[in-house]
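Here is the structure we will look at.
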Amino acid sequence: MSLELSNYVVLTGILIVEGLFLKKWDPPIKRQYVALILLLSGLALGHFMVTNAAYGFLIAGLVFYKDELVSEIKLVKESVLEV
């Protein structure tokens, strides 16, 4: 695994762990603040780790919306199986 590819994997892992940490924070943080924290840290980490802030922003967005994405994918899967 090349160094740049491992940086992408590490960046993705950091954002996933950060998203889980923010989701379990007590008292709960408002969703817009969680989104803001994730997106800003994704931009910064993407810029400094892989010189691609857009990748960090994209992964942060996916981490934030993972629950909605999973439910939509399950819905599509169920509808395809019905056909």
Taking C-beta and beyond as the side chain, do L11 and N7 meet within less than 4.5 Å on heavy atoms?
-> no
Do the charged groups of K74 and E68 touch, with an N to O distance under 4.0 Å?
-> no
Any chain of hydrophobic side-chain contacts (each under 4.5 Å) joining W25 to I16?
-> yes
Would a hydrophobic clustering, with Ile, Leu, Val, Met, Phe, Trp and Tyr connected at side-chain separations under 4.5 Å, put V63 with F21?
-> yes
Quickly, which of L36, L22, L38 forms a side-chain contact (heavy atoms from CB on, under 4.5 Å) with F64? Name it, please.
-> L38
Sorted by first residue and then second, give each side chain to side chain donor-acceptor pair (under 3.5 Å) pair with at least one member in residues 40-67; sequence neighbours left out.
-> T12-Y55, E18-S41, K23-D67
V50, L43: one ILVMFWY side-chain cluster at the under-4.5 Å cut-off?
-> no
State, yes or no, whether a side-chain contact exists between F57 and L39 at a heavy-atom distance under 4.5 Å.
-> yes
Please answer: with hydrophobic residues joined when any side-chain heavy atoms are less than 4.5 Å apart, are I59 and L69 in the same cluster?
-> yes
Under a 4.5 Å side-chain heavy-atom rule over Ile, Leu, Val, Met, Phe, Trp and Tyr, are V10 and L45 clustered together?
-> yes
Minimal heavy-atom distance between G42 and A60, with the atoms involved, is CA-CB, 4.2 Å
If you round to the nearest 0.5 Å, how far is CG of L20 from CG of L15?
-> 11.0 Å
